[in-house]
Amino acid sequence: MEQVAIKQLFHNHEAYINKEIRVSGWVRTIRDSKSFAFIELNDGTFFKNLQIVIDDSLANFSEVVKLNISSAIIAEGKLVESPGAKQPFELKADKIIIEGAASSDYPLQKKRHSFEYLRTIAHLRPRTNTFSAVFRVRSLASFAIHKFFQERNFVYVHTPIVTSSDAEGAGEMFRVTTLDLDRIPRDADGNVDFTQDFFKHDANLTVSGQLQVETYAMAFRNVYTFGPTFRAENSNTPRHAAEFWMVEPEMAFADLEDIMNLSEEMIKYLIQYCLDHAPEEMEFFNKFIDKGLLARLDNVLNSDFKRITYTEVIDLLQKSGEKFQYPVEWGHDLQTEHERYLTEKVFKQPIFVTNYPKDIKAFYMRLNYDQKTVAAMDLLVPGVGEIVGGSQREERYDQLLARMKELNMPEEDYWWYLDTRKYGTNKHAGYGLGFERAIMYLTGMTNIRDVIPFPRTVGHIDF
RNA sequence: UCCUCGGUAGCUCAAUGGUAGAGCAUUCGGCUGUUAACCGAAGGGUUGCUGGUUCGAGUCCAGCCCGGGGAGCCA
């Protein structure tokens, strides 16, 4: 007898109709009467459940109808057309094998739970509709990222997770050490003696693979990283996590315009891929999580992202007549309220804001000819905020070194980075995409903790 | 870290300073095509913790703990 995945049934049930098949999975719900019952079975391969019909001719009928939700069973029988309106077919089972019954204290009920509660049972929440949909989309989106870049001949580079220095001042870092914290070795000056540590040097978890990946762009031309990133910031918001994934493409012989085009194309590709490969899940999000989701994604697919300079944004905000809590002034970074006003009130679509003042951006960004701004871009989207941040890099050796000295950065730590500007430098550019923020945007989920299987945030490292 | 809202049964939520409740889940019973099935019954509570005000506190006050949202920082 053929073991069939429920996904196969939904995609091609004609091939199985009136045939004997075997399925296996977890019970989502059982509706029973005196002499017959319906079981909704989910086998993990598909968002929808298979309805199984049983009657009391089944040897273990009375035992089966008493099973609790999430019990694991194997069912054998004939796939038949269903008289019920809500499903085209169902399994008329003549044998149910109980693999593992779920005990009666199983915490998930058939009605809805709050996301807050589900976070406390992160090991069980993938069995719910919402999280099943979220994490299938997350999987598809990861694959789509690779597919997008591989189709364009980008080389995937594994940049290090453990690093020796604060790569770009991107944030507070997690320290990596094997030193005995109860007996920390000190040098003559009383500082921690890292020569006795594992690497004979202080070490941290990466906050970005950008500097390393730039060196590979100088060899392979177009490259990308896609991996975990760590920030030890004490930020407690629905958009921040201590461990998250980032996609960082880098292109040689490319400028700001090129990476804006690339990231716009990438976002659209991601959306299209998920719509094509998880239509049931996307439908579910649209119906239960975010009513305007599909219309919004459709709008994104069919429009060009707006591009506007920082200076124009400041002008626009100042002339808007809108009351902002924080003053709008050239030289200050845009506040969340400003970004929201732009994306949600004015443009209602993703926008690139470009050419920020150099003093509010990172040292490696290319200085524009006005000497005041750098060739940077942020992609802002309604509801989520900044989803992509990128720039054309400062490829001029003297210019880069001068900027590093201005910021009192230890030149000797960056000798290898500076070398790229000595040996065949060229204009190049790249960006970072916050993968979880992209998932939030794709699904309509509003908390980053609900798009990471086991989220790590300040004070939380359960599971 | 700051601001703000909240914490009542396993879950989702009610309860004017005066006997702590419902739906779902659980257990038991009923029901011949259900669709978060339905009908009946039962069990289930130190109302986050500590202290205070009061004849009387789930409700008012203070401190603490935990959670949500907003801000900062960023992706």
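All values reported here derive from a predicted model rather than from experimental measurement.
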Parallel, tilted or perpendicular, as decided by the 30° and 60° cut-offs, for the rings of A/F131 and A/F135
parallel

Aromatic contact between A/F10 and A/F89, with the criterion being ring centroids under 6.0 Å apart: yes or no?
yes

Nearest of B/U34, B/A36, B/C74 to any side-chain atom of A/Q87?
B/U34

Which heavy atom of A/V353 sits nearest a heavy atom of A/L334, and at what distance?
CG1-CD1, 4.4 Å

Side-chain contact check for A/N447: nearest option of B/G69, B/U34, B/U27 is B/G69

Expected rows: protein N/O vs nucleotides 9-12 of chain B N/O, under 3.5 Å:
from	atom 1	to	atom 2	distance (Å)
B/G10	N2	A/Q109	OE1	2.9
B/C11	O2'	A/H113	ND1	2.8
B/C11	O2	A/Q109	OE1	3.0
B/U12	OP1	A/S114	OG	2.5

Could you provide the dot-bracket string of RNA chain B, using ( ) for intrastrand pairs, [ ] for crossing pairs and | for bases paired to another strand, with Watson-Crick or G-U pairs below 3.5 Å?
(((((((..((((....[..)))).(((((.......))))).....(((((..]....))))))))))))....

May I ask you to verify if any side-chain N or O of A/K86 is less than 4.0 angstrom from the OP1 or OP2 atom of B/U34?
no

Centroid-centroid under 6.0 Å between A/Y216 and A/F154 rings
no

Just to confirm, is there a sub-4.0 Å distance from OP1 or OP2 of B/G68 to any side-chain nitrogen or oxygen of A/R119?
yes

Starting the side chain at C-beta, find the nucleotide from B/U35, B/G33, B/A71 nearest to A/R239.
B/A71

Aromatic plane relationship, A/Y417 with A/F363 - under 30° parallel, 30 to 60° tilted, over 60° perpendicular
perpendicular

Measure across A/T443 and A/L293 and return the closest heavy-atom pair with its distance rounded to 0.1 Å.
O-CD2, 3.7 Å

Assess whether a salt bridge exists between A/R119 and A/D462, defined as any Lys/Arg side-chain N lying under 4.0 Å from an Asp/Glu carboxylate O.
no

Distance check: side-chain N/O of A/R449 vs OP1/OP2 of B/G68, anything under 4.0 Å?
yes

Show the nearest heavy-atom pair for residues A/P357 and A/V374, with the distance to one decimal.
O-CG2, 4.4 Å

It should be established whether A/N236 places a side-chain nitrogen or oxygen under 4.0 Å from OP1 or OP2 of nucleotide B/U1.
no

Phosphate oxygens OP1/OP2 of B/C74: is one of them under 4.0 Å from a side-chain N or O of A/T237?
no

Which of residues 323-353 of chain A have a heavy atom under 4.0 Å from RNA chain B?
A/Y326, A/Q335, A/T336

Applying the ring pair (Phe, Tyr, Trp, His ring centres under 6.0 Å) criterion to A/H338, which one of A/Y310, A/F324, A/Y326 satisfies it?
A/F324

Between B/A15 and B/A9, how many Å separate the two P atoms, rounded to a whole number?
15 Å

Quick check on B/U34: is either OP1 or OP2 less than 4.0 Å from any side-chain nitrogen or oxygen of A/R31?
no

Would you kindly check if the NZ (Lys) or CZ (Arg) of A/R152 is within the cone defined by 45 degrees around the ring axis of A/F148 and under 6.0 Å from the six-membered ring centre?
yes

Touch check for A/A241, heavy atoms < 4.0 angstrom, all strands: base, sugar-phosphate only, or nothing?
base

